[in-house]
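Heavy-atom basis, side chains included; hydrogens, waters and symmetry copies ignored. In the text below, chain A, chain B and the rest are named by the order of the sequence lines, each starting its count at 1.
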Amino acid sequence: MTTSTEPQAGQFILDAVAEDLNSGRFQYVRTRLPPEPNGYMHIGHVKAWWIDYNTAKANGGELYLRFDDTNPAKEETEYVEAIKEDTRWLGIHWARETYASDYFGRLYEWAVRLVKKGLAYVDDQSPEEVSAARGTLTEPGKNSPFRDRPVEENLGLLERMKHGEFPEGSRTLRAKIDMAHPNLVMRDPVMYRILRAPHHRTGDTWNIYPMYDWSHGQNDSMEGITHSLCSQEYVIHRPLYEWFLDQLGEFKTRQIEFSRLNVTHTMMSKRKVRILVEKGIVRGWDDPRLTTLRGLRRRGVNPEAILEFVRSVGETKNDSWVDMSVFEAVIRDDLNRRSLRRMGVLRPVKLVIDNYPENQVEEFDAVNNPEDASAGTRKIPFSKVVYIEQDDVRETPPPKYFRLYPGNEVRLRYAYLVKCTGVVKDPATGAVTEVHCTYDPATRSGDAPDGRKVKSTIHWVSARHALEAEVRLYEQLFTVEQPDVGEDVETILNPDSLETLAGCKLEPSLGEAKPGDKFQFERNGYFCADPDGAPGKPVFNRTVTLRDTWAKFEKSGRGNGKP
RNA sequence: UGGGGAUUCGUCUAGUGGUAGGACAGCAGACUCUGGAUCUGUAUGCCGAGGUUCGAAUCCUCGAUCCCCAGCCA
């Protein structure tokens, strides 16, 4: 990315890491991506992943990909593969792929050490009893009646829990810390619970599984992770992670927190995206209206743009909502530089050039990418009847409208100047069904010999050469800036988030587009071929529109003749 | 009401005792065979009140507001 060399916003993590290196606390840097394989990645994850990746890379360190698979009831191999694929697509490379479950055996030994030190105990209370005894935000909790069980008894019970002798939920192993601690996380947190679900990697080996709070920090320590970078919600867990490692006397990772990414008009949580998928509000986890990585990919967003976006919003501890327009601006910038230009008419109306020879066909050279001379040129065919956008014609033009209307002359891009001579309307609806014009043969791909100028250039596709296509236009899924998906999702959905256009007319070369190929349809926006298309029958997704000052002008009310 | 985190243009974000800067969004204009891109100009901000200081977004005091925590989720 051209902008990557600019000064970065939010460097406090890099500063902290540099401090640790200078002070000698660590001699190297190692970070980790800690996904739970229970769903697909979204753009919110990318911020965390970029920070982990960049922090390691900037310090000549390495990045581990560690799947947090401590809850077999929710996790599946399918998601492991999907996360790896998405991560590769992003261009993030990991040095090692590990799993929390790789350490189940060693973690159990560490737990036994804590039991032997009298710092953990088996609790026979039911989940309800544990909850009731936890106290509240303002009142201390009560000690479990099993809290002072002798070490030998705890050891025996823990062993029997592991061997599957007790039903789910009947017992837990808890750290013995302080039931009156003002930080609720420290009130004898559960370390192991009994779970009978088969694990996607360890099968039926285990009957007890570690809680995240018991597993995560220990895994970091075992892997020699120097910096555990995570979101703000884990600030209150840090004292617990440090307590475990202090009691164990093991390698101590430094945890640094930052705020998670929120983007307006979209929603990040896996749980809530699942609701949208299950309710059929979107067509799947890869619906182009979603900000999942698969959705963004299908929509036509390049991974480089996603990374540039999360880089550019910086890293702080502030709660924040980044405006979707910032993301769109980054997407446009990326696509503008690399997309091939093509002509595509989305809402076609026929333009008949009355003085053009009936069966004549000409070819014009068109520039593939004005931002990149090496992209070259192509030929586009021209004939007597072409399609133009309905929006490029008005029978009676509003103020400042420079396109086609009776008596006005415009340029057909790369072709001739044409002057509108009249429109044909459907008598029933009053809609313009055909437009007539005459062309000036002396203006072929150049200025008029008499030096006259036109104020507008419009795109077109030759009718007899046109390729028919379906085009899907997307807008924001939600009408509110900060959507919260609950039972009333319907009330905040944008009814126009998807508009499917059939019978769009594209220049013939687009027939060869393969799924994922991206183009700028001139004057319309950026489009990406969808896997639903077939050879000769393409389907395109609109990734993002071009900036459209005319649309803005018209929408503001100043372009429609109103004062 | 316990503990913890946070607060700089509309939105993100720099600034760490010496002219509050950038990006996006907005507005105005230039240029243009994409009303795109590009370029120029412009308005808007330090949560509040005291204090320290020649000088405070920055240091101190008091207050306000928002967010997180009462899963055998991560």
Next on the checklist: Taking only the P atom of each, what is the distance from B:G3 to B:G45 in whole angstrom?
Outcome noted: 37 Å
Item to check | Side-chain donor or acceptor of A:Asp188 paired with backbone N/O of A:Arg174 under 3.5 Å | outcome: no
Checklist entry - Looking at A:Phe519, is A:Arg342 sitting on its ring face, NZ or CZ under 6.0 Å from the six-membered ring centre and within 45 degrees of the normal? => result no
Checklist entry - For B:C46, which nucleotide in any strand shown is its Watson-Crick or wobble partner with both distances under 3.5 Å? => result none
Item to check | Check against side chain to side chain donor-acceptor pair (under 3.5 Å), A:Thr55 and A:Thr31 | outcome: CA-CA 8 Å; A:Thr55 302; A:Thr31 61; over 6 Å; no
Checklist entry - Whom does B:U16 pair with, Watson-Crick or G-U wobble, provided both distances fall under 3.5 Å? => result none
Checklist outcome for this item: Quick note, A:Arg341 side chain, CB onward, closest among B:A74, B:C72, B:G36 is B:G36
Item to check | Nearest listed nucleotide, side chain of A:Lys552, among B:U7, B:G4, B:G26 | outcome: B:G26
Next on the checklist: Once you measure the plane-to-plane angle for A:Phe540 and A:Phe521, does it fall in the parallel (<30°), tilted (30-60°) or perpendicular (>60°) bin?
Outcome noted: perpendicular
Next on the checklist: Mind checking if A:Asp213 touches a base, just sugar-phosphate, or nothing, with heavy atoms under 4.0 Å?
Outcome noted: nothing
Checklist entry - When you compare B:G10 with B:A70, how far apart are their C1' atoms, in angstrom units rounded to a whole number? => result 37 Å
Checklist entry - Rounded to the Å, how far apart are A:Trp214 CH2 and B:A74 P? => result 14 Å
Checklist entry - From B:G2, B:C33, B:C72, pick the nucleotide closest to the side chain of A:Leu184? => result B:G2
Checklist entry - Would one find a side-chain N or O of A:Ser312 under 4.0 angstrom from OP1 or OP2 of B:C24? => result no
Checklist entry - In terms of ring plane angle, is the pair A:Tyr99 and A:Phe67 parallel, tilted or perpendicular, where the classes change at 30° and 60°? => result parallel
Next on the checklist: Side chain of A:Arg134, heavy atoms from C-beta onward: which of B:G3, B:G71, B:C33 has the nearest atom to it?
Outcome noted: B:G71
Next on the checklist: The test is ring pair (Phe, Tyr, Trp, His ring centres under 6.0 Å); show your working for A:Tyr416 and A:Phe364 and say whether it passes.
Outcome noted: CA-CA 10 Å; A:Tyr416 300 100; A:Phe364 298 111; 5.7 Å; yes
Next on the checklist: So, does A:Arg337 get its side chain near the phosphate of B:A37, meaning an N or O under 4.0 Å from OP1 or OP2?
Outcome noted: no
Next on the checklist: Expressed as a whole number of angstroms, how long is the span from A:Trp460:CH2 to B:C33:P?
Outcome noted: 18 Å
Next on the checklist: Can you measure A:Arg238 atom CZ to B:A74 atom C1' for me and round it to whole angstrom units?
Outcome noted: 18 Å
Checklist entry - Counting side-chain heavy atoms from CB outward, which of B:C72, B:C33, B:G5 is closest to A:Met211? => result B:C72
Checklist entry - What is the distance, rounded to the nearest whole Å, between atom CG of A:Asp69 and atom C1' of B:C73? => result 14 Å
Item to check | Rounded distance in Å between the C1' positions of B:A20 and B:U44 | outcome: 13 Å
Item to check | CA sep, side-chain torsions, deciding dist, call: A:Arg378, A:Asn368, side chain to side chain donor-acceptor pair (under 3.5 Å) | outcome: CA-CA 7 Å; A:Arg378 67 189 186 284; A:Asn368 281 328; 3.1 Å; yes
Checklist entry - For A:Asp123 and A:Gln125, what are the C-alpha separation, side-chain angles and deciding distance, and is it a side chain to side chain donor-acceptor pair (under 3.5 Å)? => result CA-CA 6 Å; A:Asp123 191 353; A:Gln125 291 184 109; 2.8 Å; yes
Next on the checklist: How many whole angstroms separate atom CZ of A:Arg547 from atom P of B:C39?
Outcome noted: 11 Å
Checklist outcome for this item: Taking a pair to mean Watson-Crick or G-U wobble geometry with both distances below 3.5 Å, B:U34 pairs with none
Checklist entry - The side chain of A:Leu137 lies closest to which of these nucleotides: B:C24, B:G5, B:A70? => result B:A70
Next on the checklist: At 4.0 Å (heavy atoms only), tell me whether A:His237 reaches a base, stays on the sugar-phosphate, or touches nothing.
Outcome noted: base
Checklist entry - Between B:C12 and A:Thr316, is there an OP1 or OP2 to side-chain N/O distance shorter than 4.0 Å? => result no
Next on the checklist: Using a 4.0 Å heavy-atom cut-off, does A:Ser320 contact any base of the nucleic acid, only the sugar-phosphate backbone, or nothing at all?
Outcome noted: sugar-phosphate
Next on the checklist: Measuring from the side chain of A:Asn336 (C-beta onward, heavy atoms only), which nucleotide among B:G36, B:G3, B:G35 has the closest atom?
Outcome noted: B:G36
Next on the checklist: Quick check on B:A74: is either OP1 or OP2 less than 4.0 Å from any side-chain nitrogen or oxygen of A:Arg193?
Outcome noted: yes
Next on the checklist: From OH of A:Tyr79 over to P of B:A74, roughly how many Å is that when rounded to an integer?
Outcome noted: 16 Å
Item to check | Distance-only donor-acceptor test (3.5 Å): side chain A:Arg523, base B:G35 | outcome: no
Item to check | Residue closer to the 5' end of RNA chain B, A:Lys455 versus A:Thr138 (nearest nucleotide) | outcome: A:Thr138
Checklist entry - When the C1' atoms of B:C72 and B:A6 are considered, how many whole Å apart are they? => result 32 Å
Next on the checklist: On the nucleotide B:G36, are OP1 or OP2 found under 4.0 Å from the side-chain N or O atoms that A:Arg332 carries?
Outcome noted: no
Checklist entry - With respect to the phosphate group of B:C12, does any side-chain polar atom (N or O) of A:Asn318 fall under 4.0 Å of OP1 or OP2? => result no
Checklist entry - B:A74, B:G35, B:G2: which one has an atom nearest the side-chain heavy atoms of A:Tyr212? => result B:A74
Item to check | Whole-angstrom distance between B:G5 and B:U11, as gauged at atom P | outcome: 25 Å
Next on the checklist: Can you tell me the base-pairing partner of B:A64? Count Watson-Crick or G-U wobble geometry only, both distances below 3.5 Å, and say none if there is no partner.
Outcome noted: B:U7
Next on the checklist: Ignoring hydrogens and geometry beyond distance, is the side chain of A:Glu371 in donor-acceptor contact with the base of B:G36 at under 3.5 Å?
Outcome noted: yes
Checklist entry - In Watson-Crick or G-U wobble terms, both distances under 3.5 Å, what is the partner of B:G2? => result B:C69
Item to check | C1' spacing across the pair B:G22 / B:G4, given as an integer number of angstrom | outcome: 32 Å
Item to check | P spacing across the pair B:C46 / B:U40, given as an integer number of angstrom | outcome: 28 Å
Checklist entry - Of the nucleotides B:C33, B:C73, B:C24, which has the atom closest to the A:Lys74 side chain? => result B:C73
Checklist entry - More 5' along RNA chain B: A:Ala551 or A:Val185, using each one's nearest nucleotide? => result A:Ala551
Next on the checklist: Are B:G35 and A:Phe402 stacked, with the base six-membered ring and the side-chain ring centres under 5.5 Å apart and planes under 30°?
Outcome noted: yes
Next on the checklist: Taking the P atom in each of B:C9 and B:U58, what is the distance between them to the nearest angstrom?
Outcome noted: 15 Å
Checklist outcome for this item: Closest heavy-atom pair, A:Leu417 versus A:Arg452, reported as atoms and distance to 0.1 Å, is CD1-NH2, 4.0 Å
Checklist entry - In whole angstroms, how far is the P atom of B:G26 from the CZ atom of A:Phe553? => result 15 Å
Checklist entry - Choosing from B:C69, B:G5, B:A37, which nucleotide comes nearest the side chain of A:Asp319? => result B:G5
Checklist entry - Counting only Watson-Crick or G-U wobble pairs whose two distances fall under 3.5 Å, which nucleotide matches B:G29? => result B:C39
Checklist entry - Should the ring pair A:Trp550 and A:Phe553 be called parallel, tilted or perpendicular, given that the plane angle runs from 0 to 90° and is split at 30 and 60? => result tilted
Next on the checklist: Regarding A:Ser131, tell me which of base, sugar-phosphate or nothing describes its non-hydrogen contacts under 4.0 Å with the strands shown.
Outcome noted: sugar-phosphate
Next on the checklist: It should be established whether A:Thr264 places a side-chain nitrogen or oxygen under 4.0 Å from OP1 or OP2 of nucleotide B:U11.
Outcome noted: no
Checklist outcome for this item: Rounded to whole Å, CD of A:Glu507 lies from C1' of B:U34 at a distance of 13 Å
